[in-house]
Amino acid sequence: MLTWALASGAAADTPPCAVSVDVLPEHLPGLCAQPPDVRAFVERHDRCVHFAGEDPYDEARRAELAREMQAACSGAGSQFKSLLERYRDQPDQLDWLQRYGRDVGLSPEG
């Protein structure tokens, strides 16, 4: 898997945060400060967004995109809702998740 190595913005001795290149650039700021389950969700969902925007130029590509989207997109709404519930008492994580949800069109209702 290709990854970006990002500085977390904390102390100089803090290790970098590695995230998949599937993460859209606009979602990188603040991502390293998020818990591993949030980072994993964003990586998976941004992969979903990527494949949703691809051109199904022939039947083989259409089938490939359908498989990739099934793997990356299924359950995104309920997982997002679960993360919002898990971090409801942690304002930094909750705010970041809510902004992410607005940006990608995920509803808190799941």
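Using modelled atom types, one side-chain atom of Arg39 and one backbone atom of Gln34 make a donor-acceptor pair closer than 3.5 Å. A donor-acceptor pair is defined here as one N or O able to donate and one able to accept, closer than 3.5 Å; no such pair exists between the side chain of Trp96 and the backbone of Val38. No donor-acceptor pair under 3.5 Å is formed between the side chain of Ser82 and the backbone N or O of Ser78.
Remark: Tyr87 engages no residue in a ring-ring contact (aromatic ring centres under 6.0 Å, His included) (not counting sequence neighbours).
Note that the CD atom of Gln90 and the CG atom of Asp92 stand 9.0 Å from one another [nearest 0.5 Å]. Note that CZ of Arg62 is 8.5 Å distant from CG of Asp55, once rounded to the nearest 0.5 Å. Interatomic distance, Leu94 CG to Glu85 CD, rounded to the nearest 0.5 Å: 10.0 Å. Here the CG-CD distance, from Leu84 to Gln79, works out to 11.0 Å after rounding to the nearest 0.5 Å.
One hydrophobic cluster, built from ILVMFWY side chains closer than 4.5 Å, cannot hold both Leu24 and Phe51; they sit in different ones. Linking ILVMFWY side-chain heavy atoms closer than 4.5 Å, directly or via other members, places Val49 and Val23 in two distinct hydrophobic clusters.
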side-chain contact (heavy atoms from CB on, under 4.5 Å) for His50 and Glu68? Distances and angles first, verdict last.
CA-CA 10 Å; His50 167 80; Glu68 293 289 346; over 6 Å; no

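At a threshold of 4.0 Å, the pair Asp95-Arg99 counts as salt-bridged, since one of the basic side-chain nitrogens sits closer than that to a carboxylate oxygen.
Between Val104 and Phe80, the closest side-chain pair of non-hydrogen atoms is not below 4.5 Å. Side-chain contact between Ser74 and Arg44: present, with at least one pair of heavy atoms (C-beta onward) separated by less than 4.5 Å.
Donor-acceptor pairing under 3.5 Å is lacking for the side chains of Gln93 and Arg86. Side chains of Asp46 and Tyr100: a donor-acceptor N/O pair is present below 3.5 angstrom, by distance only.
The heavy-atom pair separating Glu43 from Asp22 by the smallest distance is O-CB, 4.2 Å. Closest approach of Pro56 to Arg61, counting heavy atoms only: CA-CG, 4.0 Å. Between His27 and Leu31, the closest heavy-atom pair is O-CB, 3.5 Å.
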